[in-house]
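As structure tokens, the structure follows; a few thoughts come after it.
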Amino acid sequence: MFVVKRSHHNPILVPDKDHYWEAYASFNMSVVKAGRMFYGVYRAISAVDRLRTPEQISIIGIGKSRDGRHFKERMPFIIPEKEWEIYGCEDPRVTYFEGEYYIFYTALSKYPFEASGIKVAVAISKDLKKIKERHLVTPFNAKAMTLFPERINGKITVIVSVNTDMPPVKIAIAQCDKIEELWNPKFWEEWYKNVDKHVIDPKRSPYDHIEVGAPPVKTSHGWLLIYSHIQNYFGGSGLPRIFGVEAVLLDINDPLKIVGLTHGPIFAPRESYELLGHVPDVIFPTGAIIKKPARGLAGGDTLYIYYGAADMTNCVAHLNLSDLLGTMRREENSRWYFKRSDKNPIITPDKKHPWEAKATFNPAVLRIRNTTHILYRTFSDDNTSYIGYAATKDGVNIDERLLEPIYGPREEFESKKIAGANSGCEDPRLTKIGKIIYMCYTAFDGIGPPRVAITSITEKNFLQKKWEWEKPILITPAGFDDKDTCILPEKIKGRYFILHRVGNELCGDYIKSLDFKTEFVKKCIRIIGPRINSWDNSKVGISAPPLKTKSGWLLLYHGVSKSHSTYRIGAVLLDLNDPAIVLARTTDPIFQPKEFYEKVGIVNNVVFPCGMALQPERRKGEGDLLYIYYGAADTVIGVATIELEIVLKALTRHLKK
């Protein structure tokens, strides 16, 4: 679980029309720190020269910065001179190693460009002012080589992308005793004979393409390699390409051993400067540095990732290193994830009860007097949705479950109009305000767009199981697909706030009172929407009603992907004084289908919480536990837990105290 923040200075490096050698593009920068100064080496594409072939050429520029964002004194650094680089020098990676700077880059020796003329070269400098020497490194097609900043078990170690232009590409490790071996063709000829023994492979699909990104950075848990992971790069999957930045963690003593990895993009193209440019919809990482917090400040180390955007500009993004490593090291850091109960599913359909014979799912909950009350949606054999009741004292084991529904269709707007079609009272959310419990739910008659209805019951009747609900009232406008609704449990500046979903966006609106004979939803104040190239790129909506914390309103939401229609869960933190304002949003999903009962059912690949409750954790060293109750594959109900503090820390690390 982590939050990625792009710098508001982005893009931090743009083409300079006054410099002919970088007038067209300045991107793919690798950064190294020397003393208090940051140096960035980057690829620069020249202005068009119609008297040359090719008309544009890439060289490597250099700039320096005091803060790692504003790079000045930019000048050409590595210019094509040798026959093996005469058509361009591209995409540098810089490492300070044993007293010298080694800049590995792509050298182009043939035009039109072809695999046999695309190889790795290296330039060496003592001070990043002057190139001391340069060499051709690989005798075969390769790109994106970079040097580890120290020896590993006495060996000089590099990582390289092999056969990048003769796919499938392989990311591989090479080790030697003397640095000069790296530009000795015989060394590489012997190494290449057994290249498969040197490969690490973080791909998730044969349709994906991977390439080394930034020079590895050393952490207490291993070598962190930020790399390019392009999903669906090769035809055949039927899915769109997504150029993502990902990470793999390599064993500190054996870099061929993967000890952790991301399971999706850390980030992907989303901003205009990433979507538009020389090569649209592309980001490519080439630099990574770790910054420690300023003296006296908490929060832990921050990882800064430098990347090219649309092959045009250079940008930087950052995230908390501990959050990233915790997410990558799933087995060792289960605290970073929701933990499913081993009793799951805790509620399943009951064939003896026709009203819940087909499915039990999408539960709302209230924790009152040491009991968690669960109101869950059901499917009857004719696809009518009812609401059932169950209760648990420990949050997991069901102590009580009623034989009859406590709520069902009673108005014309939720009564079945087409035999066998879905209809009824769907996906309840509960809010207790004073002595009254309000239930928002989706009312559907099988024909019109779904709308939100609200009803209420006194707390006394609720606890005594006297199901004397108020007459339900529709509170969302006709003609709109509007659902996933709840009321926040207290007034904010004299008004109540309602969360709802119109189409594919999560919205809100303020109302003056809880008299729903006169009050109803009139606005869709956009709070969050789908994110391009992300796991939630199709639609979003609330999960459970938000929890008030000292940092803000913690709201879990469901997001749906276009590619596989998978329902996953993310988290946002909303402003306490205006919950229409988003303070933070998790970049990665914090809960997603994994178990068989979540992957296979009436609707496959769904986790869908409608309720969450906070319970003090009695185990030493752990804080309050957040319990989520969720529908799995629209068929059964599960429960999962996570420490509230873990979620809040991930969401608040970048916020000013």
Side-chain angles (χ1 to χ4, degrees), residues 341 343-366 368 371-430 437 439-446 450 453 455 457 461-470 472 544 595-598 600-604 606-611 613 627-639:
S341 169
K343 302 290 182 65
N344 279 356
I346 61 170
I347 298 177
T348 59
D350 191 333
K351 298 292 184 183
K352 294 180 291 185
H353 304 151
W355 60 277
E356 60 175 351
K358 195 171 184 178
T360 52
F361 58 117
N362 298 3
V365 303
L366 274 181
I368 305 175
T371 297
T372 300
H373 303 269
I374 305 171
L375 274 61
Y376 59 93
R377 177 183 172 186
T378 77
F379 253 170
S380 66
D381 284 326
D382 73 343
N383 298 320
T384 300
S385 289
Y386 296 87
I387 294 174
Y389 174 88
T392 169
K393 292 189 179 300
D394 65 6
V396 175
N397 294 289
I398 301 300
D399 301 303
E400 181 183 13
R401 181 174 173 183
L402 299 187
L403 302 179
E404 298 294 333
I406 65 165
Y407 197 88
R410 59 195 65 193
E411 301 295 328
E412 188 66 19
F413 55 71
E414 57 199 10
S415 298
K416 194 181 295 293
K417 301 295 190 296
I418 301 174
N422 290 0
S423 66
C425 308
E426 305 175 352
D427 305 343
R429 273 94 173 179
L430 298 172
I437 295 169
M439 181 171 71
C440 296
Y441 65 93
T442 300
F444 187 49
D445 63 5
T455 183
I457 189 172
N461 283 342
F462 182 87
L463 294 176
Q464 292 179 353
K465 300 180 178 60
K466 294 179 181 179
W467 307 115
E468 297 175 3
W469 297 91
E470 292 292 323
E595 302 297 332
F596 180 80
Y597 58 84
E598 299 163 346
V600 178
I602 292 175
V603 181
N604 296 340
V606 173
V607 289
F608 196 94
C610 289
Y627 285 67
I628 60 168
Y629 296 83
Y630 64 96
D634 278 15
T635 305
V636 298
I637 291 171
V639 61

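For the pair Arg410 and Tyr407, the cation sits on the ring face: its NZ or CZ lies under 6.0 Å from the ring centre, inside 45° of the axis.
The heavy-atom pair separating Pro363 from Gly631 by the smallest distance is CD-N, 3.7 Å. Across all their heavy atoms, Gly446 and Ile418 have their closest contact at O-CD1, 4.0 Å.
At most 12 heavy atoms of other shown residues, nucleotides or ligands fall within 6.0 angstrom of atom CD in Glu412.
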Q) Given the rule in the side chain to side chain contact (heavy atoms under 4.5 Å, CB included) test, do Trp469 and Ile457 qualify, once you have shown the distances and angles that lead to the verdict? A) CA-CA 5 Å; Trp469 297 91; Ile457 189 172; 3.6 Å; yes
Q) What's the verdict on ring pair (Phe, Tyr, Trp, His ring centres under 6.0 Å) for Phe361 and Phe379, showing C-alpha distance, side-chain angles and the deciding distance? A) CA-CA 9 Å; Phe361 58 117; Phe379 253 170; 5.5 Å; yes
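Looking at Thr392, its side chain does come within 3.5 Å of a backbone N or O of Asn397 through a donor-acceptor pair.
Checking Ile374, Val365, Ile437 one by one against Leu430, the side-chain contact (heavy atoms from CB on, under 4.5 Å) holds for a single residue, Ile437. Between Phe444 and the choices Glu426, Lys416, Lys417, the side-chain contact (heavy atoms from CB on, under 4.5 Å) rule is met once, by Glu426. Here the options are Val636, Val607, Asn604, the test is side-chain contact (heavy atoms from CB on, under 4.5 Å), and the partner is Glu598; only Val607 passes. With Tyr597 as reference, Asn344 is the one residue of Thr348, Thr635, Asn344 to meet the side chain to side chain donor-acceptor pair (under 3.5 Å) rule.
Lys465 has a carboxylate O that lies under 4.0 Å from a charged side-chain N of Glu400, or vice versa, which qualifies the two as a salt bridge. Between Arg377 and Asp427 there is a salt bridge, since a side-chain N of the basic residue sits under 4.0 Å from a carboxylate O of the acidic one.
Partners of Glu414 according to the side-chain hydrogen bond (donor to acceptor under 3.5 Å, both in side chains) rule, which considers only residues two or more places apart in sequence or in another chain, are Tyr441.
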